[in-house]
Chemist: 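Before I ask anything, here is the structure I am working with.
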Amino acid sequence: MFMKRGEFVKSLTLVGATAALTAGCRPKPENTGKSPAIHSGKKYRWKMVTTWPPGFPVLGESCEMLAKWVKTMSGGRMEIKVYGGGELVPPLEAFETVSNGSAQIGSGSPYYWAGKIPAAPFFATVPFGMNAQQMNTWIYCGGGYELWKEAYAPFNLVPFAGGNSGVQMGGWYNKELNTLQDFKGLKIRMPGIGGKVIEKIGGSAILVAGGELYTSLERGVIDATEWIGPYHDHRMGFHKIADYYYTPGWHEPGTLLEFFVNKEKLESLPSDLQMIIETACARINQWVLLEFEAQNRIFLKKLQEEHNVDVRLFSLEILQGLRSATEEVLQDMVADDAFANTVYQAYRQFQKEINAWSNISERQYFSLLNP
Ligand code: CA
């Protein structure tokens with residue numbers, strides 16, 4: 001039975017409170033002792049710069065929700081004005097803008113900053129990496145957050161988890177893919193590490209902006225594209241121009257979204273407002289993943305039943321080939337950066353351990369349901 005939206009959002013508060021009490025995770029308040037007194041009555045006006053187009057479903061919405069919750073929780077003492085990507089600064093300048101204090105808070109995904117921080121993609125997602133549940137476990141309770149804070153400290157930023165896409169889809173293709181050879185010469189829009197893996201197996205990863213994707217695929221400028229999952233892909237209309245919808249999204253098995261806050265601005269807040277920010281981010285972290293999951297279930301059905309979309313599973317040969325190419329790409333990525341290598345090793349170790357558990361818990365359970 002599904003809850004109404006209001007009840008659904010209300011229920012998240014309870015889930016969040018329960019999670020905070022669970023043994024194994026004992027978050028400590030980040031109180032430096034330097035914070036001003038709580039009841040100064042001072043009002044705070046912050047700006048949030050984001051990497052998302054204004055009003056972008058789920059991700060843009062989540063920034064507006066965060067602002068609303070912070071205002072309510074602070075009794076109106078704190079207001080955050082949200083700027084979509086390009087409204088105040090271009091999307092990919094959000095990190096720098098918060099780092100230098102021109103805005104106090106930003107929203108994005110760590111892998112956008114890979115050019116500045118080679119370790120950054122490990123805090124977002126890497127091909128054949130951890131899923132949303134495993135990433136959240138690593139970040140909140142497995143040592144990931146400490147490494148993430150260390151990675152952002154030189155930029156005067158404090159990161160907070162701000163959502164997860166869940167397992168993405170493998171993309172839209174106009175030809176059947178059976179072997180690794182079928183990727184040879186294939187032009188696909190796939191950014192980041194996934195794109196590097198595609199190049200390694202003989203395909204071409206083409207960068208195309210979101211707004212030009214549909215026409216690029218329609219006119220054959222590219223042969224294939226990945227985007228996110230059923231909800232966002234349906235809005236893009238790819239089902240009208242592509243024959244096959246492949247799964248799984250091996251390249252983005254659960255992309256973590258983030259908020260990053262200017263360290264001095266955060267520490268200059270009274271301690272209760274600091275905790276309100278931290279708590280609102282944690283609640284958004286949960287809402288984003290659950291909203292993705294809730295919408296994807298609806299739009300997968302729509303794509304399959306109303307638009308007869310042919311959902312295909314990548315063959316084992318393809319996935320194994322992509323996986324070994326990924327190993328090489330990741331090794332190259334961390335070869336020249338000691339900190340990136342430290343994060344990579346920590347990530348790998350945690351993934352190995354959590355997979356051993358997931359294999360005998362989640363995997364067995366789903367096999368039982370879907371024999
Ligand atoms: Ca994607």
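Every number for a ligand or one of its atoms is a count from 1 in the order of the listing. For this chain, numbers begin at 1 and follow the sequence in order.
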Chemist: May I ask you to check whether Phe95 and Tyr152 place their ring centres under 6.0 Å from each other?
Modeler: yes
Chemist: Got a sec: is Trp227 within less than 3.0 Å of the Ca ion (ligand 1) via an N/O/S atom?
Modeler: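 A backbone or side-chain N, O or S atom of Trp227 is under 3.0 Å from the Ca ion (ligand 1).
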Chemist: Hey, which N, O or S atom on Glu252 ends up closest to the Ca ion (ligand 1)?
Modeler: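 Of the nitrogen, oxygen and sulfur atoms in Glu252, the Ca ion (ligand 1) lies nearest to OE2.
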Chemist: Determine yes or no for a side-chain-to-main-chain donor-acceptor pair under 3.5 angstrom, with Ser109 supplying the side chain and Leu256 the backbone.
Modeler: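 Checked: pair present.
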Chemist: Taking atom types as modelled and ignoring hydrogens, do the side chains of Asn136 and Asn164 form a donor-acceptor contact shorter than 3.5 angstrom?
Modeler: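 Asn136 vs Asn164: no donor-acceptor pair found between side chains.
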Chemist: Strictly under 3.0 Å, is the Ca ion (ligand 1) approached by any N, O or S atom of Ser165?
Modeler: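 Checking the Ca ion (ligand 1) against Ser165, no N, O or S atom falls under 3.0 Å.
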Chemist: Closest N/O/S atom of Glu226 to the Ca ion (ligand 1), by atom name?
Modeler: OE1
Chemist: Is the positively charged end of Lys302 above the ring of Phe299, judged by distance under 6.0 angstrom from the centroid and angle within 45° of the axis?
Modeler: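 Yes, Lys302 lies over the aromatic ring of Phe299.
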